[in-house]
**Student:** 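I am attaching a structure below and will ask some questions about it afterwards.
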Amino acid sequence: MTQPAVRLDRVTKRFAGHTAVNNLSMEVPAGGIFGLLGPNGAGKSTSIRMIMDIIEPDEGKVVLFGEKGTGRDLSERVGYLPEERGLYKKMKVLDHLVFLAETKGIKRGDAKKRADAWLERLGIHDWAQKKVEDLSKGMQQKVQFAGALLHDPDLVILDEPFSGLDPVNSQVMKDVVIEIAKSGRTVLFSTHIMEQAERMCDRIVIIARGEKVVDGSVDQVKRDFGGSHVALGFTHDKEKAARVLNDRRLVGKVDDYGASADVEMATGANPEELLTMLVREGVGLKRFEVVEPSLQSIFIAKVGNAAVAPRNDSDMHNGASS
Amino acid sequence: MNKLFAVIRRELVERVRTKSFVISTMLVPVFMVIMTVAPALMMSGSNRSMRVAIVDGSEGGVGARIEQAMITQRLSDDDSTAMPRYVVTRVAATGRTEAVRDSLVKRTGLGKEGKAEGALDGVLVVNEDVLSNGQLEYLGSNVGSFEAMGRLEGTVRQVVTGARFETSGIDPSVVARAMSPVSVNATKVSDGKETGQSGGASFIIAYVMGFILYLGIIMYGQQTMTSVVEEKTSRIMEVLASSLTPFQMLLGKVLGVGMTGLLQMGIWGATVFLVTSQRERLASLVGVSADAIQQMPIPSMSPDLLVIFLVYFALGFLLYGALFAAIGSMCNTVQETQQYASAVMMLVIFGFFGVFAMINDPTGGIGVTMSFIPFFAPFVMPVRWSLAAVPPAELAMSIGLMIAAVLGITWIAGRIYRTGILMYGKKPTWAEVWRWVRVG
């Protein structure tokens with residue numbers, strides 16, 4: 001029986017005035033991609049920092065790989081990309097990566113080879129001798145990303161890895177993450193972008209206000225949430241659909257996007273009946289599909305907008321949030 | 001250990017690569033060469049004979065004897081073939097000294113720019129009652145030169161005193177013997193051995209050392225602090241905190257900056273050594289006589305003093321570096337650090353004042369007490385060592401206390417550091433900082 005990569009056991013962290021993480025237990029199984037989801041200020045970063053042993057929990061404990069020792073003791077097996085990216089601006093890119101690898105206990109010669117390989121792989125090798133400050137934001141992110149992965153960690157923890165990336169770079173990073181998971185290692189990443197989590201993660205935990213709301217594999221979570229959902233795409237006469245969609249016996253909730261809409265059927269209602277009604281009204285349809293609930297809709301249903309705690313920049317790193 | 005080494009190396013290498021390091025390291029030696037050569041160049045300017053007219057209103061030949069005493073002097077004391085120091089014209093003016101003086105001043109254009117060749121540098125007026133009131137008058141363009149005036153006054157005093165003895169009926173040969181110069185050559189004794197150092201050289205060394213320690217600790221201490229603040233601002237801190245312990249980060253930072261400081265001082269020290277040992281060659285390069293440059297007193301530092309100096313610089317830097325790093329970790333901007341840093345600066349400045357107390361009275365209570373207090377010892381002890389004999393037991397105790405303080409302060413700074421580096425937002429109060437230390 002393999003030990004989970006990360007186990008939080010009733011972990012609580014309080015900051016002056018409020019509880020950032022409250023009695024949180026979760027297990028990240030070894031291998032695969034694990035999503036830690038939650039609105040801004042839910043306690044994601046605080047949880048991650050406790051896993052990394054950057055801050056200590058007030059109560060409860062964190063176990064990595066089922067072993068004794070904190071995240072820092074085991075840091076040679078853990079790669080970490082913090083939410084707030086930071087690099088030494090005046091250092092040359094290659095030197096910087098070598099230094100980051102050295103702090104993970106890699107020998108200098110080896111570190112240089114690995115850094116070269118990663119720069120090549122991320123397509124920024126031409127910049128190896130440039131100073132970090134001469135790089136664009138996106139390139140700096142790549143350097144930081146490489147820095148977190150250079151030492152081939154068994155567990156990779158990425159705090160909001162895709163924020164601030166353009167679609168091309170986002171794609172590159174996604175491919176790297178998928179590859180790590182394929183090689184049997186573990187990726188834990190936090191995000192508040194549900195589409196991404198839905199497509200990438202094997203398992204998710206949703207937290208809000210420092211407490212766990214949802215826990216399980218993505219499929220399981222969707223099944224448990226239940227209900228039937230229909231995705232609609234309109235071509236013409238959309239306004240004629242209004243009467244049908246307002247029929248409370250048939251439709252529970254509508255998420256209207258203009259040319260399309262997500263419909264949550266009312267309890268016990270049959271999607272086929274909805275189709276019949278729409279066709280009878282003369283609504284032009286290009287799409288009618290019975291779908292699983294999206295993580296987005298589960299998230300909103302479970303967490304609700306009220307859970308989005310106010311967040312101000314000044315205490316971002318007080319750990320006073322997320 | 002390897003990680004600590006990586007942090008130190010990064011700090012050292014990145015620092016040495018900066019423009020400011022290269023420039024400041026280069027500029028100081030250049031400055032030093034200039035400081036060695038320039039005074040010699042300036043001194044060589046005074047290496048010509050001074051033209052002096054003696055307006056002699058005296059009776060009994062005092063004016064003539066002054067003239068005699070002046071013309072026998074050479075520009076170099078040990079070289080009888082050197083140029084005469086003075087070219088003297090004596091004008092007999094008994095009873096009309098003022099008139100002669102005024103006409104000489106007017107005629108020769110004394111004090112005017114671009115005066116003609118052979119013009120006077122000064123007029124020395126010897127009045128008839130010089131023996132009784134001991135007053136002479138000198139008018140000249142070079143009265144601001146302490147050296148020239150001192151020499152002239154010495155010569156005149158010697159002659160007048162001699163003449164006074166003779167008028168009182170004392171044998172001139174007895175007078176000559178009585179007037180032969182007396183001087184006290186002070187040599188420092190340390191640990192029962194003569195160091196061969198003159199008192200003046202010890203003083204210069206003590207002063208320079210105190211100053212270097214003071215500047216070094218402030219300069220590199222501030223650099224440590226600024227660099228911690230920069231790491232916070234650039235948010236690299238969190239990446240580091242995930243793989244390094246706060247203690248590794250703190251120690252690596254302090255040692256890295258400290259070693260940069262030692263490297264820079266080493267380069268400077270080597271330059272001083274080269275410049276002093278090669279100063280004759282250097283002088284000939286710029287066309288100054290080696291003789292002139294020899295007049296610059298350059299004290300040498302004995303090896304034991306150098307060791308003491310380095311030991312105390314290292315310990316002092318560790319102590320203050322850790323404090324400055326802790327302050328850096330508490331703040332988000334360099335401006336914010338000033339409030340806390342000023343408290344540390346007070347300690348440094350107080351220690352620096354201790355250097356003066358020590359120079360004034362190397363065996364006095366204040367200096368000796370301060371050489372045991374870890375915050376002041378780095379400044380005071382090397383100075384004390386250079387000025388007076390220090391019993392080995394006292395040295396051992398001072399160093400022992402320093403080491404204990406370094407360990408204690410580093411521990412406290414480490415506690416502050418580990419909470420401080422992840423604190424953004426408002427600056428902490430002293431009470432909060434104390435809580436970080438206690439709870440950590």
Side-chain angles (χ1 to χ4, degrees), chain A residues 15-16 45-46 48-49 51-56 58 70-92 95-96 98-108 111 131-133 140 144 147-148 151 153 157 159 312-320, chain B residues 1-21 226-249 252-253 256 329 332-333 417-429 431-432 435-436 439-440:
Chain A
F15 292 108
S45 290
T46 303
I48 285 178
R49 282 186 184 146
I51 295 171
M52 294 305 302
D53 191 33
I54 292 170
I55 51 179
E56 281 171 31
D58 296 328
T70 65
R72 186 153 34 218
D73 299 331
L74 299 166
S75 78
E76 283 158 33
R77 295 170 63 189
V78 184
Y80 174 48
L81 181 75
E83 183 186 18
E84 291 279 349
R85 318 285 197 257
L87 295 166
Y88 288 112
K89 303 230 171 331
K90 302 280 180 195
M91 272 184 102
K92 288 183 184 162
D95 292 348
H96 203 309
V98 170
F99 170 69
L100 287 177
E102 280 183 297
T103 64
K104 295 288 189 183
I106 304 232
K107 291 261 179 306
R108 207 169 159 74
K131 282 185 182 171
V132 169
E133 62 186 352
Q140 287 187 21
Q144 186 126 38
H151 56 301
I157 297 180
D159 200 350
N312 67 58
D313 272 337
S314 76
D315 68 3
M316 197 125 88
H317 260 258
N318 262 326
Chain B
M1 205 58 204
N2 282 335
K3 292 183 179 183
L4 177 62
F5 187 62
V7 178
I8 296 174
R9 186 192 17 232
R10 194 208 75 83
E11 199 67 44
L12 183 65
V13 170
E14 290 305 315
R15 252 160 217 292
V16 169
R17 277 185 185 167
T18 56
K19 275 200 198 75
S20 63
F21 179 85
T226 315
S227 125
V228 174
V229 174
E230 271 166 16
E231 277 178 12
K232 278 186 81 175
T233 333
S234 72
R235 313 266 166 171
I236 180 87
M237 216 46 126
E238 198 167 340
V239 181
L240 299 182
S242 72
S243 21
L244 300 166
T245 63
F247 195 70
Q248 281 171 329
M249 292 161 73
K253 170 82 43 191
S329 75
N332 298 303
T333 61
Y417 204 79
R418 84 183 200 176
T419 311
I421 48 176
L422 293 173
M423 283 286 168
Y424 291 87
K426 71 171 185 61
K427 353 176 241 197
T429 62
E432 277 170 311
R435 199 167 57 233
W436 298 354
V439 182

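Every value quoted in this text rests on a predicted model; they were computed, and no experiment measured them. Each chain gets a letter, A, B and so on, in the order its sequence line appears, and its residues count up from 1.
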**Student:** Does any heavy atom of chain A fall under 4.5 Å from the side chain of B:Glu231, the backbone, both, or neither of them?
**Tutor:** side chain
**Student:** Can a salt bridge be assigned to the pair B:Glu238 and A:Arg49 using a cut-off of 4.0 Å between side-chain N and carboxylate O?
**Tutor:** yes
**Student:** B:Ile236 and A:His96: side-chain contact (heavy atoms from CB on, under 4.5 Å), yes or no, with the steps?
**Tutor:** CA-CA 11 Å; B:Ile236 180 87; A:His96 203 309; 3.7 Å; yes
**Student:** Nearest 0.5 Å, please: how far is OG1 in B:Thr245 from CG in A:Asp73?
**Tutor:** 9.5 Å
**Student:** With only heavy atoms counted, which part of B:Val13 is less than 4.5 Å from chain A, the side chain, the backbone, both or neither?
**Tutor:** neither
**Student:** With a 4.5 angstrom heavy-atom cut-off, could you sort out which part of B:Thr18 is near chain A: side chain, backbone, both or neither?
**Tutor:** neither
**Student:** Is chain A contacted by the side chain of B:Leu4, its backbone, both, or neither, given a heavy-atom distance below 4.5 Å?
**Tutor:** neither
**Student:** Which region of A:Leu100, side chain (C-beta onward) or backbone (N, CA, C, O), has a non-hydrogen atom less than 4.5 Å from a non-hydrogen atom of chain B, or is it both or neither?
**Tutor:** side chain
**Student:** Of the non-hydrogen atoms in A:Arg85 and B:Arg235, which two are nearest, and what is the gap between them?
**Tutor:** O-CB, 3.7 Å
**Student:** Under the side-chain contact (heavy atoms from CB on, under 4.5 Å) rule, what do A:Tyr88 and B:Val239 come out as? Steps first, then yes or no, please.
**Tutor:** CA-CA 11 Å; A:Tyr88 288 112; B:Val239 181; over 6 Å; no
**Student:** Taking all atoms of both residues into account, what is the closest heavy-atom pair of A:Lys89 and B:Ser234, and its distance?
**Tutor:** NZ-CB, 4.2 Å
**Student:** I'd like to check A:Glu84 versus B:Met237 (side-chain heavy atoms, cut-off strictly below 4.5 Å). Are they in contact?
**Tutor:** no
**Student:** Can you measure from CG (B:Leu240) to CD1 (A:Ile54) and round to the nearest 0.5 angstrom?
**Tutor:** 10.0 Å
**Student:** How about B:Ser243 and A:Glu102: do any of their side-chain heavy atoms sit closer than 4.5 Å?
**Tutor:** no
**Student:** Between B:Arg17 and A:Asp95, is the side-chain contact (heavy atoms from CB on, under 4.5 Å) condition met? List the steps.
**Tutor:** CA-CA 13 Å; B:Arg17 277 185 185 167; A:Asp95 292 348; 2.8 Å; yes
**Student:** List the steps and the verdict of side-chain contact (heavy atoms from CB on, under 4.5 Å) for B:Arg9 and A:Arg108.
**Tutor:** CA-CA 12 Å; B:Arg9 186 192 17 232; A:Arg108 207 169 159 74; 3.1 Å; yes
**Student:** How long is the span from the CD atom in B:Glu14 to the CE atom in A:Met91, to the nearest 0.5 Å?
**Tutor:** 4.0 Å
**Student:** For residues B:Ser242 and A:Ser75, report the shortest heavy-atom separation together with the two atoms involved.
**Tutor:** O-CB, 3.4 Å
